[in-house]
Amino acid sequence: MIDPNRTLTLEEIQQAYNVELVDKDGTKQTFGELVKGKRVVLIFIRHFWCTNCQAYTYQFGKSIPPSNLPEGTEAYIIGCGASSPIPSYLTRTSSPYPIYSCPSLDLHKVFNFGRTLKGSKAGEKKTYMSELGGGFNRTWLSIKQNLMKSPGHGLESVRGANNQNGGEVIIEKDGTCSYFHRMQNTEDHTDLEDLAVYTPLSEKDKSYPN
C-alpha cells in the first residue's frame with residue numbers, strides 16, 4: 001500500500017501537468033496551466049455532495065482566508081465530478097478560493113488517491129468534523145443541502161464518484177512537491193492548522209451550514 005504522505009516525484013508532477021481540468025463555467029485548462037510557476041495549496045475534495053468535504057471547504061475558507069496564505073501562495077479546491085455542481089458548491093461553502101474539477105479522474109490516478117467508503121475509527125475523527133454530528137445528521141444535511149436544492153446533480157457522473165477520496169498537496173514555485181496527504185477514509189483531510197497560517201474558529205463558526 002502506498003505511503004499516504006509520500007510526496008510526488010518530478011515525473012508524476014510532469015505527468016499531472018497534462019491532465020485536463022474544468023472550472024465553474026465548464027472552461028477547460030490543463031493542471032500545468034493552473035499551477036506552473038506558482039506555489040499552490042491544493043485541496044482535493046471527494047464528490048460534490050460529500051457533507052464532510054463541504055464542512056472542510058467552508059472551514060478552510062474561514063480559518064485560512066487568502067490574506068492568511070504565505071506571500072506568493074495561491075490555493076485551489078479540486079473535485080472529481082462535472083463542472084455543473086461547482087457554482088452551487090461555491091455558494092454553499094462560501095469558498096473564497098476557486099474550485100475546479102477533474103471529471104476524468106486522471107489527476108487522482110497520477111496522485112494515487114484512494115477509493116473507499118470507509119469512515120474513521122472511534123477516536124480518530126478530525127477537528128473539522130466536530131460540529132457535523134453522527135451519520136444520520138450528515139445524511140440529512142446532504143439531503144437538505146444537495147438533493148433538495150440541486151436534484152439534477154445527483155448522478156455520480158455529475159457530482160463525482162461516491163468512493164473517490166482526495167487529500168492535500170503543496171507544490172512549490174520550482175515545481176517540486178513539499179507536502180502530500182492522501183485521505184485514508186472519508187473523514188481524513190489534513191487538520192487545517194497544519195496547512196498554513198491558521199485562525200482558530202469558534203464552535204459556532206465551525207458549524208456547517210452556518
Side-chain angles (χ1 to χ4, degrees), residues 1-38 40-54 56-57 60 74-93 95 97-118 142 146-147 150-172 175-177 179-190:
M1 190 173 79
I2 190 166
D3 177 354
N5 300 313
R6 179 184 69 76
T7 55
L8 298 170
T9 65
L10 289 176
E11 182 181 355
E12 286 170 326
I13 293 173
Q14 288 294 327
Q15 188 178 350
Y17 282 161
N18 297 318
V19 175
E20 195 170 76
L21 304 177
V22 291
D23 68 9
K24 63 184 177 63
D25 300 314
T27 304
K28 298 176 181 179
Q29 65 178 307
T30 65
F31 180 69
E33 289 170 331
L34 181 67
V35 307
K36 262 186 181 179
K38 306 174 187 175
V40 293
V41 177
L42 305 170
I43 308 297
F44 283 81
I45 57 172
R46 301 180 64 248
H47 60 85
F48 284 116
W49 279 18
C50 175
T51 306
N52 305 342
C53 290
Q54 289 173 356
Y56 189 78
T57 302
F60 178 67
E74 297 183 18
Y76 305 113
I77 314 293
I78 300 178
C80 62
S83 63
S84 52
I86 295 177
S88 58
Y89 197 91
L90 281 161
T91 300
R92 285 172 199 152
T93 60
S95 176
Y97 296 108
I99 298 180
Y100 297 85
S101 193
C102 181
S104 69
L105 298 181
D106 287 346
L107 200 54
H108 298 70
K109 293 167 187 170
V110 174
F111 288 178
N112 285 292
F113 286 126
R115 301 186 75 152
T116 181
L117 291 173
K118 178 181 67 175
S142 184
N146 302 301
L147 182 60
S150 304
H153 297 160
L155 294 175
E156 277 202 20
S157 60
V158 179
R159 60 183 167 83
N162 271 352
N163 65 351
Q164 179 64 64
N165 286 326
E168 295 72 45
V169 188
I170 297 178
I171 295 178
E172 301 297 332
T176 60
C177 177
Y179 180 85
F180 204 107
H181 173 68
R182 297 167 181 85
M183 294 174 69
Q184 297 300 288
N185 57 65
T186 61
E187 305 165 7
D188 189 34
H189 281 294
T190 298

Rounded at 0.5 Å granularity, tell me how far CG in Asp106 sits from CG in Leu21. 10.0 Å
Side chains of Thr176 and Leu10: does their closest heavy-atom pair fall under 4.5 Å? yes
For the residue pair Cys102 and Ile78, what are the closest heavy atoms and their distance? N-CG2, 4.4 Å
Say you draw a straight line from OG of Ser83 to CG of Asp25; how long is it, rounded to the nearest 0.5 Å? 8.0 Å
Do the non-hydrogen side-chain atoms of Tyr100 and Gln29 ever get within less than 4.5 Å of each other? yes
How close do Ser101 and Gly81 get, counting heavy atoms only, and between which atoms? OG-O, 2.6 Å
Worked check of side chain to side chain contact (heavy atoms under 4.5 Å, CB included) between Tyr97 and Thr57: CA-CA 9 Å; Tyr97 296 108; Thr57 302; over 6 Å; no
Would you check, one step at a time, whether the test side chain to side chain contact (heavy atoms under 4.5 Å, CB included) holds for Asn162 with His47? CA-CA 6 Å; Asn162 271 352; His47 60 85; 3.8 Å; yes
Give every residue pair that meets the side chain to side chain donor-acceptor pair (under 3.5 Å) criterion with at least one member in residues 5-16, sequence neighbours excluded. Asn5-His181, Arg6-Glu12, Thr9-Glu12
Any side-chain heavy atom of Arg182 sitting closer than 4.5 Å to one from Asn165? no
Less than 4.5 Å apart, any side-chain heavy atom of Val110 and any of Phe31? no
What are the two closest non-hydrogen atoms of Ala75 and Pro98, and how far apart are they? O-CD, 3.7 Å
Drop me the distance from His108's NE2 to Gln164's CD, to the nearest 0.5 angstrom. 5.0 Å
Return the CG to CD1 distance between Leu8 and Ile13, rounded to the nearest 0.5 Å. 5.0 Å
Using atom types as modelled and distance alone, determine if a side-chain donor or acceptor of Thr93 lies under 3.5 Å from a backbone N or O of Tyr89. yes
For the residue pair Cys80 and Ala161, what are the closest heavy atoms and their distance? SG-N, 4.0 Å
Could you tell me how the ring of Phe111 sits relative to the ring of Phe44: parallel (under 30°), tilted (30 to 60°) or perpendicular (over 60°)? perpendicular
For the student: nearest non-hydrogen atoms of Arg159 and Pro85, plus distance: CA-CG, 4.3 Å
Side chain to side chain contact (heavy atoms under 4.5 Å, CB included) with Val19: of Thr30, Leu107, Leu34, Leu105, only one passes, and it is Leu107
Would you say Tyr56 and Ile45 make side-chain contact, with heavy atoms under 4.5 Å? no
Closest approach of Arg46 and Cys53, non-hydrogen atoms and distance? N-SG, 3.2 Å
Non-hydrogen side-chain atoms of Phe48 and Ile86 separated by less than 4.5 Å: yes
Centroid separation Phe113 to Phe180 less than 6.0 Å: yes
Checking Glu168 against His189: is there a side-chain donor and acceptor pair closer than 3.5 Å? yes
Roughly how far, to the nearest 0.5 Å, is the CD1 atom of Ile170 from the CD1 atom of Ile43? 8.0 Å
Is the shortest heavy-atom distance from the side chain of Cys50 to the side chain of Thr186 under 4.5 Å? no
Answer yes or no: is there a side-chain heavy-atom contact under 4.5 Å between Glu20 and Ser104? no
What distance do Asp23 atom CG and Ile99 atom CD1 have between them, rounded to the nearest 0.5 Å? 11.0 Å
